Amino acid sequence: AGAKDDTFNVLDLAEYTKNRPWWRKIFAPSSGSSAEKYNVATQLVIGGVTGWCTGFIFQKVGKLAATAVGGGFFLLQIANHTGYIKVDWNLVQRDMNKAKQQLKFHSSGNKMPPEVKSRVDEVIIFLKKNVILTGGFAGGFLLGMAS
């Protein structure tokens with residue numbers, strides 16, 4: 001009674017994903033800037049909450065890192081004072097002078113490598129497209145650091 005003619009379209013995913021940015025491959029084709037999808041209040045809340053969480057974590061990890069680094073220096077000084085460690089200060093001075101020369105050489109050109117410049121440009125474009133979200137994140141980050 002009814003031989004149905006089923007036709008299927010074939011989608012070549014390799015061709016489909018070749019010219020698409022990585023974030024579109026992950027988050028779906030409808031993901032654009034947050035300004036296109038959310039209203040201002042939602043963007044501020046999302047940015048503020050994520051910023052606060054990030055700032056709070058940075059604060060806690062920063063204290064832990066400062067304690068670990070300070071304690072490590074303290075233990076090294078005790079080990080040096082008691083004779084467990086001998087520091088070759090001439091070698092330290094020579095390495096410091098070499099590092100200063102390299103810093104002078106690299107900073108004299110003031111040219112950014114092209115791969116760094118392209119990443120910086122991508123970040124600037126993202127920030128311009130998502131100004132409200134970025135502002136909420138920055139404010140939330142500062143509040144998280146303060147709490």
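As the structure is a computational prediction, the values presented were derived from the model and not from experiment.
Note on Val123 and Phe126: same hydrophobic cluster, where clusters join Ile, Leu, Val, Met, Phe, Trp and Tyr whose side-chain heavy atoms are under 4.5 Å apart, directly or indirectly. Cluster membership check: Ile57 does not share its hydrophobic cluster with Leu64, using side-chain heavy-atom separations under 4.5 Å among Ile, Leu, Val, Met, Phe, Trp and Tyr.
Exactly one of Leu91, Val92, Asn97, Asn90 qualifies for a side chain to side chain contact (heavy atoms under 4.5 Å, CB included) with Arg94. That residue is Leu91.
Annotation: side chain of Ile132 is not in contact with side chain of Thr134 (no heavy-atom distance under 4.5 Å).
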Exercise for the section: Please test Ile85 against Val87 for side chain to side chain contact (heavy atoms under 4.5 Å, CB included), starting from the C-alpha separation and ending with a verdict. Expected result: CA-CA 6 Å; Ile85 296 175; Val87 177; 4.3 Å; yes
Practice task
Carefully, step by step, assess Trp52 and Phe137 under the rule side chain to side chain contact (heavy atoms under 4.5 Å, CB included).
Solution key: CA-CA 7 Å; Trp52 183 87; Phe137 180 86; over 6 Å; no
Problem - CA sep, side-chain torsions, deciding dist, call: Glu122, Arg119, side chain to side chain contact (heavy atoms under 4.5 Å, CB included) - result: CA-CA 5 Å; Glu122 285 180 26; Arg119 295 291 180 205; 3.4 Å; yes
Practice task
Please assess Phe56 against Lys60 for the test side chain to side chain contact (heavy atoms under 4.5 Å, CB included), listing each intermediate value before the final yes or no.
Solution key: CA-CA 6 Å; Phe56 187 76; Lys60 297 299 180 189; 3.5 Å; yes
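Residues in residues 70-86 take part in no side chain to side chain donor-acceptor pair (under 3.5 Å) pair, two or more places apart or across chains.
Rounding to the nearest 0.5 Å gives a distance of 8.5 Å between CG of Leu44 and CG of Leu133.
The main-chain N or O of Ala146 is never found under 3.5 Å from a side-chain atom of Gln59 such that the two would form a donor-acceptor pair.
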